[in-house]
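Scroll down for the structure; my scribbles are underneath it.
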Amino acid sequence: ALICGILCVIIHGVIGRSWAMLFASGGFQVKLYDIEQQQIRNALENIRKEMKLLEQAGSLKGSLSVEEQLSLISGCPNIQEAVEGAMHIQECVPEDLELKKKIFAQLDSIIDDRVILSSSTSCLMPSKLFAGLVHVKQCIVAHPVNPPYYIPLVELVPHPETAPTTVDRTHALMKKIGQCPMRVQKEVAGFVLNRLQYAIISEAWRLVEEGIVSPSDLDLVMSEGLGMRYAFIGPLETMHLNAEGMLSYCDRYSEGIKHVLQTFGPIPEFSRATAEKVNQDMCMKVPDDPEHLAARRQWRDECLMRLAKLKSQVQPQ
Ligand code: NAI
């Protein structure tokens, strides 16, 4: 069997734990390493609980049973042992450039030429993260979307010196575990997902700040409008389908779009006053105490789980 070393898993952060579950669902052996032993114990316990719940809901991924998947995951108290024999290392430590660089330097000195070193970072640039490493050709960012067990996208972002085989192998591994990888050809701040997300946040903020729409009505535009489509087709395919193909769409609508885009305002300041106004509206639906937030996240994850099922029925892989 292939061995898959996973690095640094957590209890609070869902990311390391989710990777562990995804790799095990694909039949890979997973070793968890964290600087805090208690975090490993907690992660193993949480994974067990979560897998049982997923099984009950009929949403456990892969063809192995819960017990089979759990038997593939183990904790490892030292980093050298954790990565021994691994084909892929997925780093998930907190989003701190210096900390990540330290971990990669440590790994660089103990790994061979075959293993892939992959970072879960959401916004650190590969050129900074992997600068000066001997094994830079084997390094890549594989950025998941929270919660990764229900949202399959993984952005693959290379360092300028990353070998094409590293990208291909990571792409294949992500597919093997049921995720949906995509290639960012060149690094750019925010990669692609967050650039799109920030464009939306930016206009949402301006519209609310200018009193054009209330915060909760703004959210409805996405959840009951645009988002209905976007779970199935992207903005470019939307254009293609909304006319007789893309060329006809551009002929018909590009002038109108440019006209509206010219009315967009500057980058928002995210002022305290507007944040408080938005928060007030958000709290009417979801009070911002830990219990209400956790319950709402759980509801969101259940919805995503059902959506994933629906998508697999209408778009067989
Ligand atoms: P977290 O802070 O919850 O967990 C980090 C874990 O790393 C903790 O268990 C901690 O004990 C451990 N750790 C800290 N220093 C260490 C060291 N020197 N060696 C080994 N382990 C160490 O973080 P979270 O939210 O899971 O994020 C991890 C990464 O995933 C970050 O780079 C983040 O940007 C990325 N990410 C997070 C998403 C999210 O929504 N939380 C989404 C996509 C990516």
Side-chain angles (χ1 to χ4, degrees), residues 5-23 30-47 50 73-84 86 88-111 116-130 139-157 159 170 174 177 179-182 184 187-198 201 290 293-294 296-298 300-301 304:
I6 291 216
L7 185 66
C8 305
V9 171
I10 56 290
I11 138 177
H12 307 298
V14 69
I15 298 306
R17 206 169 75 210
S18 302
W19 277 124
M21 290 167 60
L22 288 166
F23 284 122
V30 180
K31 298 212 194 116
L32 309 177
Y33 168 74
D34 197 290
I35 200 157
E36 289 197 39
Q37 293 301 301
Q38 188 58 37
Q39 294 284 67
I40 300 181
R41 285 192 286 275
N42 292 340
L44 290 170
E45 204 182 303
N46 277 317
I47 288 172
E50 218 168 312
I73 309 175
S74 58
C76 200
N78 88 55
I79 196 166
Q80 191 132 10
E81 251 176 65
V83 305
E84 208 178 295
H88 180 99
I89 298 170
Q90 187 69 38
E91 167 277 315
C92 330
V93 302
E95 192 76 338
D96 171 334
L97 179 62
E98 290 314 311
L99 172 65
K100 286 191 192 273
K101 280 179 74 168
K102 208 176 96 191
I103 302 269
F104 280 115
Q106 198 179 356
L107 287 167
D108 200 31
S109 67
I110 57 177
I111 58 164
I116 285 174
L117 277 187
S118 170
S119 174
S120 304
T121 184
S122 16
C123 49
L124 300 172
M125 301 285 254
S127 59
K128 294 245 162 60
L129 213 49
F130 308 128
C139 294
I140 190 162
V141 165
H143 171 227
V145 187
N146 198 25
Y149 203 83
Y150 307 115
I151 303 190
L153 191 86
V154 179
E155 289 185 288
L156 302 181
V157 195
H159 178 280
T170 313
M174 293 301 145
I177 62 170
Q179 294 302 88
C180 180
M182 55 74 70
V184 179
E187 68 172 26
V188 60
F191 311 149
V192 174
L193 181 136
N194 275 327
R195 290 181 81 88
L196 289 179
Q197 177 163 242
Y198 296 165
I201 288 176
L293 290 172
R296 183 72 172 170
R297 285 189 198 109
Q298 200 176 341
R300 174 202 65 187
D301 290 355
L304 289 170

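Remember, it's 1-based here, ligands and their atoms both numbered in the order they're listed.
Only the side chain of Lys100 comes within 4.0 Å of ligand 1, counting heavy atoms alone; its backbone N, CA, C and O stay farther away. The residue Val145 has no part lying near ligand 1, judged by heavy-atom distances below 4.0 Å.
Distance alone, capped at 3.5 Å, places no donor-acceptor pair between the Glu155 side chain and the Phe191 backbone. A donor-acceptor distance shorter than 3.5 angstrom exists from the side chain of Glu95 to the backbone of Cys123, with no hydrogens or angles considered. Ser120 places a side-chain N or O within donor-acceptor distance of the main-chain N or O of Glu91, the cut-off being under 3.5 Å.
Atoms of ligand 1 found under 4.0 Å from any heavy atom of Asn146 (numbered from 1 in listed order, with element): 40 (O). Close contacts between ligand 1 and Leu99 involve ligand atoms 15 (N), 18 (N) [criterion: under 4.0 Å to a heavy atom].
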Please lay out, stage by stage, how Ile89 and Tyr33 fare under the test side chain to side chain contact (heavy atoms under 4.5 Å, CB included). CA-CA 11 Å; Ile89 298 170; Tyr33 168 74; over 6 Å; no
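Considering backbone and side-chain N/O of Asp34, one or more are found under 3.5 Å from N/O of ligand 1. For the pair Gly16 and ligand 1, the shortest N or O to N or O distance does not fall below 3.5 Å. Between Gln39 and ligand 1, a contact under 3.5 Å exists for at least one N or O pair. Distances between N or O atoms of Tyr33 and those of ligand 1 include no value under 3.5 Å.
Scored by the side chain to side chain contact (heavy atoms under 4.5 Å, CB included) test, Asn194 finds Ser122, His143, Gln197, Tyr198 as partners (sequence neighbours excluded). Remark: Glu187 engages Met125, Pro126, Ser127, Val157 in a side chain to side chain contact (heavy atoms under 4.5 Å, CB included) (not counting sequence neighbours).
A pairwise comparison of heavy atoms in Val141 and Leu124 identifies CG2-O, 4.5 Å as the closest pair.
Of the options Glu95, Glu36, Glu155, the smallest heavy-atom separation from atom 33 (C) of ligand 1 is shown by Glu95. When Ile15, Thr121, Val93 are ranked by how near their heavy atoms come to atom 31 (C) of ligand 1, first place goes to Val93.
Between Phe104 and Phe130, the ring planes lie perpendicular to each other; the angle is over 60°, past the 30° to 60° tilted range.
The closest approach between any non-hydrogen atom of Glu91 and ligand 1 is not below 4.0 Å.
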